[in-house]
*Asks:* 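Take this structure, written in structure tokens, and hold onto it; I'll ask about it next.
Sequence lines set the chain letters: A, B, ... in the order given, protein chains first and strands last, and positions in each chain run from 1. On a predicted model such as this, the values are computed, not experimentally measured, just so you know.
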Protein chains: 2
Amino acid sequence: MTGMTAARTPSTSPADRPHVGLRERKKIKTREAIRAATYALVEEQGYDATTIDQIAERAEVSPSTVFRYFPTKEDIVLTDEYDPLILEEIRARPADEPWSETMRYVLHRALEFGMDDDLAVSRLRTHLMVQVPAVRSRMMESMSATGRMLCEAIGERTGRDPDSLEVRVYAMSLIGALMETSMYWAENDHRDDFAALVDRTLDVMEHGLPHENR
Amino acid sequence: MTGMTAARTPSTSPADRPHVGLRERKKIKTREAIRAATYALVEEQGYDATTIDQIAERAEVSPSTVFRYFPTKEDIVLTDEYDPLILEEIRARPADEPWSETMRYVLHRALEFGMDDDLAVSRLRTHLMVQVPAVRSRMMESMSATGRMLCEAIGERTGRDPDSLEVRVYAMSLIGALMETSMYWAENDHRDDFAALVDRTLDVMEHGLPHENR
DNA sequence: ATGATTTTGAGAGCTACTCTCATTTCATGG
DNA sequence: CCATGAAATGAGAGTAGCTCTCAAAATCAT
């Protein structure tokens with residue numbers, strides 16, 4: 001079910017902005033060339049066996065350039081710029097909607113974006129997350145950034161202090177839960193429907209462990 | 001030939017066990033020399049500025065030996081061997097005790113052990129956790145190992161499948177929460193009473209965010 | 001086209017970490 | 001007490017991720 005391709009990116013016409021020059025376009029191309037090269041090489045030889053030099057060679061740039069675009073090797077496979085989107089999505093929800101419903105809705109939206117975009121990449125990413133400790137670590141780092149964003153959102157929404165222990169703990173427990181959900185999904189070879197797993201996760205977060213074993 | 005093992009006194013007398021030879025003792029000494037050297041150097045110059053060579057020199061071993069004792073630099077400052085202790089502690093609780101109370105009790109016990117042991121080291125560790133991404137990452141890794149242990153414990157205790165999504169999600173959300181609690185403590189310069197923070201954390205995990213802001 | 005600015009490539013350099021091999025240190029049986 | 005085997009150590013070479021610098025090349029503004 002890969003519907004919902006309605007809201008495309010709003011007009012990439014060149015006349016849209018006067019300053020989308022050749023430079024910007026080349027940068028984007030380079031960035032994607034590096035990522036594409038990395039994905040290909042990692043699938044061919046595995047993550048550890050893939051060196052920066054190889055990536056640079058296949059992407060037809062110098063090794064220096066690779067580091068100019070990505071601070072670490074892990075970042076090449078992990079770019080998630082969803083945070084601002086999620087935040088927007090949260091802000092767009094009616095203010096009187098219960099928080100748990102907002103969360104559920106927003107997460108499903110995020111999944112549509114992230115997975116529809118390229119399911120293969122999502123799978124590779126979660127797979128690497130399970131296999132390669134360095135990637136997993138980097139992923140946790142980036143998710144804890146998402147956690148801080150969540151704190152802000154909760155603060156705006158409920159008037160609570162976003163820096164209070166309670167809000168921070170709540171946000172990070174959610175992040176930890178979702179992290180584990182991704183691992184579970186990948187460990188079971190992506191057989192489950194990820195959205196369904198997320199729903200079960202949110203159930204646990206709302207109501208605790210179910211009393212019956214399944 | 002056999003060293004006559006006398007009565008069961010858990011004393012550390014040398015004749016107690018025949019096989020705690022000079023070799024074992026030296027290994028322990030080396031291990032602690034490396035750690036002590038690292039702590040000292042890190043407090044003098046900071047984590048990143050401290051190299052393995054410096055550590056080796058101050059501990060009076062070769063750099064090779066440092067890596068023989070610790071797989072990574074982060075591990076030198078992060079050895080937490082508490083997991084088995086915690087597991088034992090959980091198993092020792094009465095089977096009909098509510099899980100949340102068990103958790104609360106066990107965590108407080110773990111704090112007594114970990115903090116009383118050497119408060120200064122606990123502070124340095126959590127401080128590094130906030131400051132140095134690599135240390136934080138490594139810490140998260142080791143805490144996720146604790147999470148898997150928790151899954152086992154929950155399985156034993158409640159008869160649930162320890163590999164089920166629900167149990168794993170619950171365990172990891174707890175781990176994430178406690179991680180954030182540590183960060184909060186360190187970020188506020190260890191001014192709060194850590195045990196009290198843990199209690200507030202467990203409250204959030206049990207009852208969700210409080211409705212009133214504090 | 002000219003000059004200013006940005007991006008890139010080349011390469012040196014640092015450090016964490018691995019691997020190998022010879023040397024030293026401890027354990028043990030006669 | 002010494003000879004033999006096993007384990008720990010040190011020395012050194014090698015790899016790869018990552019940083020920094022500087023000059024060449026590409027793009028932009030006028």
*Asks:* Counting N and O atoms only, with roles assigned by atom type, does the side chain of B:R168 sit under 3.5 Å from a partner on the main chain of B:D163, one being a donor and the other an acceptor?
*Replies:* no
*Asks:* So, OP1 or OP2 of D:dA8: does either fall under 4.0 Å of a side-chain N or O from B:K27?
*Replies:* yes
*Asks:* Step through the shown structure and confirm whether more than 12 heavy atoms of other residues, nucleotides or ligands are within 6.0 Å of CD on B:E60.
*Replies:* no
*Asks:* Rounded to whole angstrom units, what separation is found between the CZ atom of B:F70 and the C1' atom of C:dC17?
*Replies:* 15 Å
*Asks:* In whole angstrom, what separates B:I52's CD1 from D:dG10's C1'?
*Replies:* 16 Å
*Asks:* Can you check whether B:Y69 has a side-chain N or O nearer than 4.0 Å to OP1 or OP2 of D:dA8?
*Replies:* no
*Asks:* Of all the choices, C:dT15, D:dA16, C:dC17, which nucleotide is nearest to the side chain of A:T51 once you look at every atom?
*Replies:* D:dA16
*Asks:* Whole angstroms only, please: what is the CD-C1' distance between A:Q54 and D:dT15?
*Replies:* 13 Å
*Asks:* Just how far, in rounded Å, is C1' of C:dT7 from CD1 of A:I34?
*Replies:* 12 Å
*Asks:* Test your reading of the model: is there a side-chain donor-acceptor pair from A:R125 to the backbone of A:V77, 3.5 Å cut-off?
*Replies:* yes
*Asks:* Nearest whole Å is fine: how far is C:dA10 C1' from A:D53 CG?
*Replies:* 12 Å
*Asks:* For B:D75 and C:dT18, give me the distance from atom CG to atom P, rounded to whole Å.
*Replies:* 11 Å
*Asks:* Could you say whether B:V61 or A:L22 is positioned toward the 5' end of DNA chain D, judged by the nucleotide with the nearest heavy atom to each?
*Replies:* B:V61
*Asks:* Output yes when at least one side-chain N/O atom of A:S64 is less than 4.0 Å from OP1 or OP2 of C:dG9, else no.
*Replies:* no
*Asks:* Please determine whether a side-chain nitrogen or oxygen atom of B:T65 lies at a distance below 4.0 Å from atom OP1 or OP2 of D:dG10.
*Replies:* yes
*Asks:* Would A:R35 and A:E32 pass as an ion pair if we require N to O under 4.0 Å?
*Replies:* no
*Asks:* Are any of A:K26's side-chain N or O atoms less than 4.0 Å away from OP1 or OP2 of D:dT27?
*Replies:* yes
*Asks:* For A:R68 and for B:R23, find the nucleotide of DNA chain C with the closest heavy atom, then tell me which residue's nucleotide is more 5'.
*Replies:* A:R68
*Asks:* Can we say B:R200 and B:D193 salt-bridge, meaning some charged N sits less than 4.0 Å from an Asp/Glu carboxylate O?
*Replies:* no
*Asks:* Where the side chain of B:S62 is defined as all heavy atoms beyond and including C-beta, which of D:dG10, D:dT19, C:dA16 is the nearest nucleotide?
*Replies:* D:dG10
*Asks:* Roughly, in whole Å, what's the span from CD1 in A:I55 to C1' in C:dG9?
*Replies:* 18 Å
*Asks:* What is the separation between atom CD on A:E24 and atom C1' on C:dT6, rounded to the nearest whole Å?
*Replies:* 10 Å
